[in-house]
Amino acid sequence: MNDHKLVAASAIALAVTLFAIFSIRPWARRFGLVDKPDARKRHRGHIPLIGGLCFFLGTLIGLGYLGYLDRFVTSLMIGSAAIVIAGALDDAHDLSVRSRLVIEAGATLLVIGLSGFYVRDLGDFAVTGDTFGLGPFGIPFTIVAVIGLINAFNMLDGIDGLAATMAMACIAAILLFNGTHWTVPGVLVLLQVMFAALIPYLLVNLGWPDGRKVFMGDAGSTLIGFVLAWSLIYVSHPRIARLSPVDVMWCVSLPVMDTLSVMFHRMRAGRSPFRPDRRHLHHLLIGAGLKPRAVLVAILGLYGALMLLGYSLRKAPEPVSGAVFIVCLIAYVLGLTAILSRLPQRSPAAAAAGATGATAEAAQASLPALDEFSPDQAPPLKALCVFADPPDSAQIGPIAQQLARDERFESTVCVTTPDPVDATTQVLDEFGLVADLAIDLPAPVRDGPELAVSALDGLQRVMDEVQPDMVLVPGDTSASLLATLAAHYHHVPVVCVDSGQSAPELAGADDSARGIALALATLHLANDDDAGQLLVDRGVPPERVLVTGDPANDFDACARVADALAGLRSAAHTAQTPTWGVGSPIPPEADTVRVS
């Protein structure tokens, strides 16, 4: 294999993955590939579950450039495609456990049938001096082993960066244990290309470059487990013999130990070994007070120590290396919880992690999930951004873009669709936004009260579906009144983004409608002092006007708006003056409130 060509293939895999992430991300919500916060998941906003699809695509194209696909790698890629498709379906539609197991077993049998490889023996570490052959149990054992590692990585995917970095560390361990040889099996080339494809995903998952993260989803975590399991089966097969069976265990030591530990404690407490809880290593470490990044470093450090211990035993007899591994496994399963319970307890989660027996299981089950966890984290604010005709969409567009990037918000874009819609779509494209909802919202004056009532009913359905904490509307269109009325009916605060001008259709007879919208809106965002004063002159209470700067031309203005809106919740829609969280009381002599 030409080293330069392998480097080029890796670079292509990296570039394709990065391009796919930014290309597919705007479409994720449309296909249901988003991870939503719930009782167990405390990340902020709807996070796209596209990472696995993207680095699988990068890996495929990188391998295609190499043109080096032997029979086993081809078989593995076919099985991997089935795993990725099933994982994506699970991400979008929540497949049952039985369905996932059937698909995983089917993909494993497919690779066995196409390649002829499976686990034939366990080496001689199980019975000293003798190879422990599996005979007719080889294929069932292979199915169980592959499914086990698939789910080990699926369970491991609990905090940002953990599954990807662990996968990259396992790939590095396999290459280290393989050593230097004149020939390189195709599966090792596959692993090196996948390593490169994981790099851009890891960076984006950790928040690079703009804080808009993506998750790998089940499509990614199951793919990693499937590829690593089969790679280890191949390189430890008697016909290849690059690694011994006990070397295989050291290469995936931490994922295997953590999974066995969690399942042991679940069964010990009388629960199903497959029932989710908060006993994984990353849960316990965060419960003990460590920050997510510190947890990531600690877990990688522990895995590195285990891997180096196994590597140092490569020259020892297999029974010795196997015995050391079993001792480490027992120490991990039986001793880790006790060790962590002695660490300083700095959060309620840590107290729960230090409990024992059934009490510990119940306490862990009640803990929040730890994606982007922080003890004082509040649920994200649901912001419904209503887009009408340009140029008003150009005013609300940059704010909607900022809210989509800000983890304090979970934003939904609703587009009104009077003909033509091309201009609004162009504005969305300009700001990298995708319409989550669309509704026909005709102008009330032009089309009469019956159509206006119909449009209001449509907006009511949107409110029922999204259940937002706030609604952002353009201040100068006929859409403002209908959206404001729908929000007011649901007791949801309305934020008007005012350009300081009045749209032609709102002049004259419709000026009363504009007055209603002005009166009902909880907050008005004005570009400058003149626009703010115009609102005050039209009867808007000065404490409900914020002068923020022009969001269309000032990035800092968008950030200031997000900071101001972060203090706005549904409870603010009362007779009391809302608190915007801008840092100081509103001076009584002020005509407008300026966000500085």
Worksheet item: What closest approach, in Å, do Tyr234 and Pro185 show between heavy atoms, and which atom pair accounts for it?
Response: CE2-CB, 3.7 Å
Worksheet item: Any side-chain donor paired with an acceptor under 3.5 Å for Asp157 and Ser221?
Response: no
Worksheet item: If you look at every heavy atom in Val193 and Gly62, which pair is closest and at what distance?
Response: CG1-CA, 4.1 Å
Fill in: Any residue meeting ring pair (Phe, Tyr, Trp, His ring centres under 6.0 Å) with Tyr311, in chain and number order, not counting sequence neighbours
Phe177
Worksheet entry | Nearest heavy-atom neighbours spanning Arg71 and Leu114 | NE-O, 2.8 Å
Item to complete: Kindly write out the residues that satisfy side-chain contact (heavy atoms from CB on, under 4.5 Å) with Ser115, not counting sequence neighbours, or none if the list is empty.
Response: Phe72, Ser75, Val111, Phe117
Fill in: Spatial distance of atom CZ (Phe153) from atom OG1 (Thr222) [nearest 0.5 Å]
12.0 Å
Discussion item. Pairing donors with acceptors under 3.5 angstrom, does anything connect the side chains of Asp247 and Ser244?
Written reply: yes
Worksheet item: Is the cationic atom of Arg120 (NZ for Lys, CZ for Arg) positioned less than 6.0 Å from the six-membered ring centroid of Tyr118 and within 45 degrees of its normal?
Response: yes
Worksheet item: What distance do Leu14 atom CG and Phe195 atom CZ have between them, rounded to the nearest 0.5 Å?
Response: 10.5 Å
Worksheet item: Side-chain contact, heavy-atom cut-off 4.5 Å: Leu33 with Leu53?
Response: yes
Item to complete: Could I get the full list of side-chain contact (heavy atoms from CB on, under 4.5 Å) partners for Ala105, not counting sequence neighbours?
Response: Ile143, Ile147
Discussion item. If you apply the rule side chain to side chain contact (heavy atoms under 4.5 Å, CB included), what do you find for Phe56 with Leu60, and how did you get there?
Written reply: CA-CA 6 Å; Phe56 177 64; Leu60 276 181; 3.5 Å; yes
Worksheet item: In Å, rounded to the nearest 0.5 Å, how long is the span from CG of Leu66 to CD1 of Ile61?
Response: 12.5 Å
Worksheet entry | Separation of Met194 CE from Ser10 OG (nearest 0.5 Å) | 12.0 Å
Practice prompt. State which residues pass side-chain contact (heavy atoms from CB on, under 4.5 Å) with Ile103; sequence neighbours excluded, sorted by chain then number.
Written response: Ala86, Leu95
Worksheet item: How close do Asp258 and Leu281 get, heavy atom to heavy atom, and via which atoms?
Response: OD1-N, 3.1 Å
Response to the item:
d(Ile286 CD1, Ile159 CD1) to nearest 0.5 Å is 5.0 Å
Worksheet item: So, the side chain of Tyr201 versus the backbone of Met216: is there a donor-acceptor pair under 3.5 Å, distance only?
Response: yes
Discussion item. Could you report the tightest heavy-atom contact between Phe325 and Ser253, atom names first, then the distance?
Written reply: CE1-CB, 3.9 Å
Discussion item. Quick one, Val187 with Asp70, criterion side chain to side chain contact (heavy atoms under 4.5 Å, CB included). Give me CA distance, side-chain angles, the key distance, then yes/no.
Written reply: CA-CA 9 Å; Val187 72; Asp70 57 27; over 6 Å; no
Item to complete: Would you check if the side chain of Arg25 reaches a backbone N or O of Arg212 as a donor-acceptor pair within less than 3.5 Å?
Response: yes
Fill in: Side-chain touch Pro48/Phe215, heavy atoms, less than 4.5 angstrom
no
Discussion item. So which atom in Ser80 and which in Leu223 form the shortest heavy-atom distance, rounded to 0.1 Å?
Written reply: CB-CD1, 3.6 Å
Worksheet entry | Check: Leu198 and Ile224 side chains under 4.5 Å, non-hydrogen atoms | yes
Worksheet item: Are any of the side-chain heavy atoms of Arg293 and Asp160 separated by less than 4.5 Å?
Response: yes
Fill in: Pairs touching residues 83-101 that satisfy side-chain hydrogen bond (donor to acceptor under 3.5 Å, both in side chains), sequence neighbours left out
Ser96-Ser99
Worksheet item: Relative to the ring of His280, is the ring of His282 parallel (under 30°), tilted (30 to 60°) or perpendicular (over 60°)?
Response: parallel
Worksheet entry | Exam field: side chain Ser321 to backbone Glu318, donor-acceptor pair closer than 3.5 Å | no
Worksheet item: If we only count heavy atoms from C-beta on, is the Tyr332 to Leu254 side-chain gap below 4.5 Å?
Response: yes
Discussion item. I'd like to know if the side chain of Ser261 and the backbone of Met257 have a donor-acceptor N/O pair within less than 3.5 Å.
Written reply: no
Fill in: Leu156 vs Ile299 side-chain heavy atoms within contact, under 4.5 Å
no
Worksheet item: Given Val235 and Asn178, is the side chain to side chain contact (heavy atoms under 4.5 Å, CB included) satisfied, shown in steps?
Response: CA-CA 8 Å; Val235 295; Asn178 176 72; 5.5 Å; no
Item to complete: Kindly indicate, with the supporting measurements, whether the criterion side chain to side chain contact (heavy atoms under 4.5 Å, CB included) is fulfilled by Val252 and Val256.
Response: CA-CA 6 Å; Val252 289; Val256 169; 3.8 Å; yes
Fill in: Any side-chain heavy-atom pair of Ile171 and Gln192 under 4.5 Å
no
Practice prompt. Quick one: pull up CG in Leu260 and CD1 in Ile330 and give me the separation to the nearest 0.5 Å.
Written response: 11.5 Å
Worksheet item: Going by heavy atoms in the side chains, are Met307 and Trp250 under 4.5 Å from each other?
Response: no
Practice prompt. Please list, chain by chain and in numerical order, all residues satisfying side-chain contact (heavy atoms from CB on, under 4.5 Å) with Ile233, sequence neighbours excluded.
Written response: Val119, Thr142, Val146, Trp230
